[in-house]
Number of protein chains: 2
Amino acid sequence: MRKDAVHNRERLLEAARRLFADRGLDVPLEEIARTAGVSIGTLYNRFATRKDLVEAVFEDRAATVAAIAERALTADDPWEGFVAFLTGVCELQAADLGYNDLAARDGKGIEPMLRIIDRAQKSGALRGDVTLADMTFVIWGVAATVRATVRTAPGAWRRHLALTLDGLRSTAAHELPVPPMSISEARAAMDECR
Amino acid sequence: MRKDAVHNRERLLEAARRLFADRGLDVPLEEIARTAGVSIGTLYNRFATRKDLVEAVFEDRAATVAAIAERALTADDPWEGFVAFLTGVCELQAADLGYNDLAARDGKGIEPMLRIIDRAQKSGALRGDVTLADMTFVIWGVAATVRATVRTAPGAWRRHLALTLDGLRSTAAHELPVPPMSISEARAAMDECR
DNA sequence: CCTCAAGTTGAATATAGCCTCAACTTAGCT
DNA sequence: AGCTAAGTTGAGGCTATATTCAACTTGAGG
């Protein structure tokens with residue numbers, strides 16, 4: 001790739017990064033190009049679809065989440081680790097409206113939770129009747145609260161999350177009315193998010 | 001009003017009712033007119049703005065919610081009443097994607113909860129540190145889950161709600177990290193929902 | 001310095017939805 | 001039946017965004 005092309009790609013990613021963060025994934029592509037100081041044609045040259053651009057912008061997030069998961073797994077208290085992981089992911093959501101959208105749509109986001117859930121359940125702190133698929137409720141819920149409150153009451157999501165976490169403790173458990181979603185149902189539901 | 005105008009108004013409301021229910025509040029007005037068998041001009045004659053149409057379609061919902069609240073207040077067990085109210089509202093959300101959108105945007109929806117919350121807190125079952133504003137988290141959360149799952153896992157919202165309710169019991173309460181939203185913050189946040 | 005593949009440009013095309021209004025139609029009154 | 005205010009119509013203008021592509025420009029190898 002020619003060096004001007006590399007440079008433009010960089011500028012586009014930078015612009016997209018900022019605009020996605022401020023306004024979510026649905027920002028107009030023309031605006032991203034304008035902000036980057038290139039033409040819309042160049043944007044299409046570098047990224048054939050919006051999806052490609054989004055993937056490039058959030059390429060490193062999987063690693064970030066993996067790191068948060070790693071730290072969570074080494075926490076002394078499995079429950080604290082569980083809380084730390086969800087808090088960490090939700091902080092990413094709150095800090096970037098683009099990732100907030102992405103987390104709600106992208107199934108891979110919660111996969112690293114499997115071992116964290118397992119450990120927290122084995123410790124007895126996390127209720128035994130929840131599954132990975134139930135974590136989508138946490139993500140969707142906090143995503144909705146972040147979207148609604150980011151301008152008017154930033155930080156409110158922490159309260160939402162805390163209430164949700166209190167419902168996930170073994171000590172809070174009451175019988176659940178319906179079976180958990182299957183993984184494929186959860187995945188399909190995330191795809192449905194727009 | 002002339003009787004053909006009344007008739008068209010009726011047909012428009014019927015069409016809007018169905019399309020809102022199936023697809024949410026953002027259905028194109030042209031499609032509503034077409035479904036009603038009238039022109040777009042007639043739609044605008046009867047309803048000057050989308051908001052007017054939405055208000056007309058969901059005019060009776062306030063009364064429905066009030067009735068659910070009334071029943072909730074006469075429940076023997078205040079906690080059961082609280083659960084019944086939230087379940088009732090969420091059932092309305094799940095049954096109608098238009099109302100699902102509206103509930104998340106319209107501040108008035110949860111106002112009838114004040115007395116229900118008060119009673120449930122006085123009984124000791126509902127944790128004392130939550131406020132009316134916290135109920136927006138329940139509505140936003142379930143709204144997000146309904147939107148995501150209505151096609152792929154209908155009924156999943158009941159599980160989300162049950163987990164959320166378990167977090168609202170006194171017995172589940174742990175200290176909350178941030179103060180509740182003020183009523184005006186909550187209202188502003190609901191307005192922000194699109 | 002020449003060349004040309006690689007890259008950039010932005011006007012043009014396409015699609016979608018909102019909204020208006022001048023021309024036409026009709027209900028309902030006398 | 002004739003009148004007219006009320007109502008209907010839908011093409012057309014507007015805005016916003018996506019997407020393409022023929023003409024132009026330029027980096028870099030020889």
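In the text below, chain A, chain B and the rest are named by the order of the sequence lines, each starting its count at 1.
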A:Leu97 side, atom CG; A:Arg147 side, atom CZ - distance, nearest 0.5 Å: 8.5 Å
Expected output: side-chain B:Arg127 to main-chain B:His174 donor-acceptor under 3.5 Å: yes
5'-most by nearest nucleotide on DNA chain D - B:Gly41 or A:Gly41: B:Gly41
Sugar-phosphate only, base, or nothing, as touched by A:Ile40 at under 4.0 Å among non-hydrogen atoms: base
Nucleotide nearest A:Arg46 when distance is taken to its side chain, options D:dT19, C:dG28, C:dT8: C:dT8
Integer-rounded Å distance: D:dT19 P and A:Asn45 CG: 14 Å
Distance in angstrom units between B:Arg11 CZ and D:dT8 P, rounded: 12 Å
Mutual orientation of the aromatic rings belonging to A:Phe20 and A:Phe58 [parallel < 30°, tilted 30-60°, perpendicular > 60°]: parallel
A:Arg50 side-chain proximity, nearest of D:dT17, C:dT9, D:dG27: D:dT17
Carboxylate-amine/guanidinium proximity below 4.0 Å for B:Glu55 and B:Lys51: yes
Position toward the 5' end of DNA chain C (nearest nucleotide), B:Lys3 or B:Tyr44: B:Tyr44
Nearest listed nucleotide, side chain of B:Arg2, among C:dT20, C:dG7, C:dT26: C:dT26
Integer-rounded Å distance: C:dC18 C1' and B:Glu31 CD: 15 Å
Among D:dT19, D:dT9, C:dT8, the nucleotide that comes nearest once only the side chain of A:Asn8 is considered: C:dT8
Atom-pair distance (CG on A:Leu12; P on C:dT9), nearest Å: 10 Å
Under 3.5 Å donor-acceptor, A:Ser123 side chain and A:Ala120 backbone: yes
First encountered from the 5' end of DNA chain C, between B:Ala48 and A:Met1: A:Met1
Between D:dA16 (C1') and A:Arg34 (CZ): distance, integer Å: 12 Å
Nearest to side-chain heavy atoms of A:Ser39, which nucleotide of C:dT8, C:dA27, D:dG10: C:dT8
d(CG, A:Leu43; P, D:dC21) in whole Å: 17 Å
Integer-rounded Å distance: D:dA18 C1' and A:Phe47 CZ: 17 Å
Nearest listed nucleotide, side chain of B:Thr42, among C:dT20, D:dT8, D:dA18: D:dT8
Proximity to the side chain of A:Glu30 - top-ranked nucleotide from D:dT19, C:dC18, D:dG7: D:dT19
Rounded interatomic separation in angstrom, taking CZ from B:Arg23 and P from C:dA16: 13 Å
